[in-house]
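For reference, the structure discussed in these notes is given below.
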2 protein chains.
Amino acid sequence: MIADAAMRLFRRDGYDGTTMRAIATEAGVSVGNAYYYFSSKEHLIQAFYDGMQVEHADAAVAVLAREKDFEPRLRGVLEAWLDVAAPNHEFAGQFFKNAADPESPLSPFSDESTPARAASTELYRRVVDGADIKIAPGLRAELPGLLWLLQMGFVLFWVYDKSPDQARTRALVTQGTPIVDRLVRLARLPVVRGIVDDLVKVVAGLRSE
Amino acid sequence: MIADAAMRLFRRDGYDGTTMRAIATEAGVSVGNAYYYFSSKEHLIQAFYDGMQVEHADAAVAVLAREKDFEPRLRGVLEAWLDVAAPNHEFAGQFFKNAADPESPLSPFSDESTPARAASTELYRRVVDGADIKIAPGLRAELPGLLWLLQMGFVLFWVYDKSPDQARTRALVTQGTPIVDRLVRLARLPVVRGIVDDLVKVVAGLRSE
DNA sequence: GGTCATTCTTGAACACGTTCAACTCACCCA
DNA sequence: TGGGTGAGTTGAACGTGTTCAAGAATGACC
């Protein structure tokens, strides 16, 4: 209820333009009561955050059922994210800075975000596992995590994208995914394999610490 | 004077722990006067930001005079940044969120940061130009920009790095730069060249818009 | 019904970043 | 000398996110 009121106002007035007092009034409660349920203004975003992830997962399911090749699967999932996120682009940037704070629970790298991160990585595991593509053995286990990281890169670009309808990000996805596809295929070549294995080793080593 | 006072307090009490009133008192002026010279608390960081860049450039000069091979040059420059930045790690994270805000002038992608970004890219151009390494013709022009982006990635990792003395970031640099070195050499191979050219084309296309 | 503990709810109060009308001061020109 | 201009300086005041002591409401147990 309070979260709904917050979302309405966030969409209408932006994140910074919405005060906790306004949210409380809109929800018909006192300011203190809003803080009883959400320990900060930031936490009000988490609900929205989670909702978007679920929406994305749903949209991705349709894509993965339809596409069999790796590139369309990856592209479809990324474009699904863009579709889901598009209505919120304007104020997404405003709370992006909160997500970037290493201390914030909203940070994609935080402990609190571990479930969301795992769910998202799992999505990319399905992208990889269901695809008609041969993957270098060493790369297979790490690829979903790397694709999640790639998505974070696209999100970063999207947040900064001021072009109408975020056309630049869409173009980047369209042009980028074929390159990723070719990179993954390339990774099986003997000359390239060694370096890919080293790269995977570094990534795996970082995560295990 | 005001900036100096601010830096002293930032280092002692952190960014969030330092109030504008405290800064003004420390500098022996009124709050309003501090705002006469710095239009926001954020702008007080810019001075510090610029100072660090100059320090880094100086440290890099020594490295570039000493090393001739590409990998040590790249690694040296990155490690120089870590050395310069180390004393500020604790409170760097606190204002990192401000830098991440797309609207903030502190953002590395903002218009206001263009000079700093250009200076930093120029540094990596010197890393590349002075190195004993053959570079694929198509890659040569874009490599400095890509290395700057790589540094941004390391900085991101560094900000989140909670290990003592940021040992994990140092390890990542140590293990990462040889891989970059090999990737750059690999880019000259006929099988790899096509994909590198496409990648460069996408990057160049994005920047020209 | 009465008592107690727990959960929920309130709004005044706090500290903060920021703004602004008022003021001081230095300097110049007639 | 007088007055005017513009840069420099002030601190009270504003709106913000957040806290907290105090009070309601709820429900469990005798």
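Each chain gets a letter, A, B and so on, in the order the sequences are listed, and its residues count up from 1.
Evaluation of the side-chain contact (heavy atoms from CB on, under 4.5 Å) rule for E71(A) yields R75(A), T177(A), P178(A), D181(A) as partners, not counting sequence neighbours. In this structure D161(A) satisfies the side chain to side chain donor-acceptor pair (under 3.5 Å) test together with S163(A), T169(A), sequence neighbours excluded. Considering only residues two or more places apart in sequence or on other chains, S30(A) meets the side chain to side chain donor-acceptor pair (under 3.5 Å) condition with none of them.
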Residue pair D83(B), R170(B): steps toward the salt bridge (charged side-chain N to carboxylate O under 4.0 Å, His left out) verdict: CA-CA 10 Å; D83(B) 291 338; R170(B) 297 202 104 94; 2.4 Å; yes
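For Y36(B), no side-chain nitrogen or oxygen approaches OP1 or OP2 of dT9(D) to under 4.0 Å.
For the ring pair (Phe, Tyr, Trp, His ring centres under 6.0 Å) condition, the pairs that include at least one residue of residues 13-32 of chain A, sequence neighbours left out, are F10(A)-Y15(A). Counting only residues at least two apart or in different chains, ring pair (Phe, Tyr, Trp, His ring centres under 6.0 Å) contacts with residues 104-127 of chain B comprise Y160(A)-F109(B), F109(B)-W148(B).
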How would nucleotides 18-26 of chain D be written as a contact map, 5' to 3', with B for base contact, S for sugar-phosphate-only contact and - for no contact, using protein heavy atoms under 4.0 Å? BB-------
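If you check every strand for non-hydrogen atoms under 4.0 Å, F38(B) touches nothing.
Between the CG atom of D16(B) and the P atom of dA15(C) there is a distance of 17 Å, rounded to whole Å. Atom CZ in F10(A) sits about 12 Å away from atom C1' in dG17(D), given to the nearest Å. dC8(C) atom P lies 16 Å from atom CE of M1(A), rounded to whole Å.
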